[in-house]
Amino acid sequence: KEVELLKRAVQIDRAALGICLGAQLLAHAAGAKVHPNTKPGEKPEDSPIPVPEIGWGPITFPFHGGTEPIVMGMHDGMQVFHWHYDAFELPKLPTPAGAPPPPAPQPPTGNALLCSTRACKNQGFRLKNRLFGFQWHMELTLSGIEAILAAGREDVAKVLGPDGADKISRDSVNYYSQYARLGDKLLRNFVQFLKVY
């Protein structure tokens, strides 16, 4: 039901903000591939290596200062909270009927890459004018982070080692204040963006 609703939102460019799984569902509803986040094996014949992102880590923005209105006020290196095993390709507008094949210029994709990490290039996107997806979390409270951590201790231990949960808790003390301020800013940007359009 969620995917069908998002497909309709994509079709009419209805404002939507997908976070983590929500971003993956939005990308999928728009026809993009969602897949495990991996890196190549050491040898070409090796299987890809899973690269989950769990805990605190920095993000980068492709344009200095964040020229997309929704990410105004964000900055390279800001620490955000991640909890995902999967990634998405950037969704694109369908190719118009009768579009010439390459090497002719390709039609606009309708998307913009908004932010990345070293482990996962596609961390945030805009599709059309009002559809946004972010792989990282900007909405969590400290108690929400601790609840996720308590429920996912096995995942943390597998990804970050036996002291991973303690590291995340320590990082929360160091990073949460700025994270909450910038996360609120991004959400306010989204609301303001809706008023403009």
Side-chain angles (χ1 to χ4, degrees), residues 6 9-10 13-40 48-95 102-140 171 175 178-197:
L6 288 169
V10 168
D13 197 16
R14 174 75 67 189
L17 174 62
I19 300 170
C20 198
L21 175 60
Q24 296 165 16
L25 289 172
L26 179 58
H28 171 72
K33 184 178 177 187
V34 179
H35 51 82
N37 192 42
T38 61
K39 65 180 181 180
I49 300 167
V51 185
E53 283 189 300
I54 290 180
W56 293 92
I59 56 171
T60 59
F61 296 88
F63 304 108
H64 181 68
T67 55
E68 286 278 338
I70 195 168
V71 293
M72 287 291 194
M74 309 297 111
H75 61 84
D76 275 350
M78 62 183 270
Q79 293 283 336
V80 300
F81 191 77
H82 302 271
W83 197 283
H84 66 97
Y85 285 82
D86 296 323
F88 47 74
E89 301 303 316
L90 293 182
K92 298 177 183 177
L93 295 175
T95 302
Q106 294 302 294
T109 62
N111 68 30
L113 177 65
L114 300 181
C115 51
S116 301
T117 63
R118 291 179 75 182
C120 183
K121 179 182 177 187
N122 297 335
Q123 281 285 340
F125 68 88
R126 174 187 46 78
L127 178 64
K128 295 187 173 181
N129 294 308
R130 305 194 314 168
L131 299 149
F132 298 91
F134 290 92
Q135 189 75 276
W136 53 278
H137 292 271
M138 77 280 302
E139 81 289 4
L140 293 172
D171 286 347
Y175 300 135
Q178 183 180 74
Y179 160 86
R181 181 175 55 78
L182 293 175
D184 287 350
K185 169 73 173 154
L186 190 147
L187 295 172
R188 284 195 304 273
N189 288 349
F190 180 67
V191 171
Q192 185 64 38
F193 194 74
L194 295 180
K195 292 178 182 177
V196 172
Y197 286 92

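Sequence positions, counted from 1, serve as the residue numbers for this chain. Just so it is clear, the structure is predicted and the values come from calculations on it, not from any experiment. We use all heavy atoms of the structure for the numbers below, so side chains are in, but hydrogens, waters and symmetry mates are not.
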- From the options F132, F134, F88, select the one residue that forms a side-chain contact (heavy atoms from CB on, under 4.5 Å) with F125. F88
- Between the NZ atom in K92 and the CG atom in L127, the distance rounded to the nearest 0.5 Å is 11.5 Å
- Note on the structure: CE of M138 to SG of C20, rounded to nearest 0.5 Å, is 10.0 Å
- Residues in salt bridge (charged side-chain N to carboxylate O under 4.0 Å, His left out) with D86, at least two apart? none
- Return yes if some donor-acceptor pair links the side-chain N/O of D76 with the main-chain N/O of T60 below 3.5 Å, else return no. no
- Message: Walk me through whether F61 and M78 qualify under side-chain contact (heavy atoms from CB on, under 4.5 Å).
- Response: CA-CA 10 Å; F61 296 88; M78 62 183 270; 4.0 Å; yes
- Side-chain touch L187/L17, heavy atoms, less than 4.5 angstrom: yes
- Task: Using modelled atom types only, decide if a donor and an acceptor are shared between the side chain of N37 and the backbone of A119 within a distance under 3.5 Å.
- Result: yes
- Message: Closer than 3.5 angstrom, by distance alone: can the side chain of K128 be matched with the main-chain N or O of V10 as a donor-acceptor pair?
- Response: yes
- Message: Nearest 0.5 Å, please: how far is NE2 in H35 from CD in Q24?
- Response: 9.5 Å
- Query: Closest heavy-atom contact between P91 and A30?
  - Reply: CB-CB, 3.5 Å
- Query: Aromatic rings F81 and H137: how do their planes relate, parallel, tilted or perpendicular, breaks at 30° and 60°?
  - Reply: tilted
- Message: For a quick test of reading the model, state the closest non-hydrogen atom pair linking L114 to P62 and the distance between them.
- Response: O-CD, 3.2 Å
- Message: With rounding to the nearest 0.5 angstrom, report the CG to CZ distance, L131 to R14.
- Response: 10.5 Å
- Task: Given side-chain contact (heavy atoms from CB on, under 4.5 Å), test D171 with Q79 step by step and report yes or no.
- Result: CA-CA 9 Å; D171 286 347; Q79 293 283 336; over 6 Å; no
- Message: Any heavy-atom pair between the side chains of N122 and E89 that's under 4.5 Å?
- Response: yes
- Nearest heavy atoms of I59 and H82, plus distance in Å: CG2-CE1, 4.1 Å
- Item | For P50 against T38, the heavy-atom pair lying closest together | CA-CG2, 4.0 Å
- Message: On a heavy-atom basis, which atom in L6 and which in A29 lie closest, and how many Å separate them?
- Response: CB-CB, 3.6 Å
- Item | Side-chain donor or acceptor of R126 paired with backbone N/O of A112 under 3.5 Å | no
- Item | Least distance between heavy atoms, L182 atom then M74 atom | O-CE, 3.3 Å
- Check whether any side-chain heavy atom of I54 sits under 4.5 Å from a side-chain heavy atom of Y85, and report yes or no. yes
- Item | Spacing of CZ belonging to R181 relative to CG belonging to L186, to within rounding of 0.5 Å | 12.5 Å
- Hey, are E53 and Q123 close enough side-chain-wise for a donor-acceptor pair under 3.5 Å? yes
- Neighbour count above 12 (heavy atom, 6.0 Å) for H84 NE2: yes
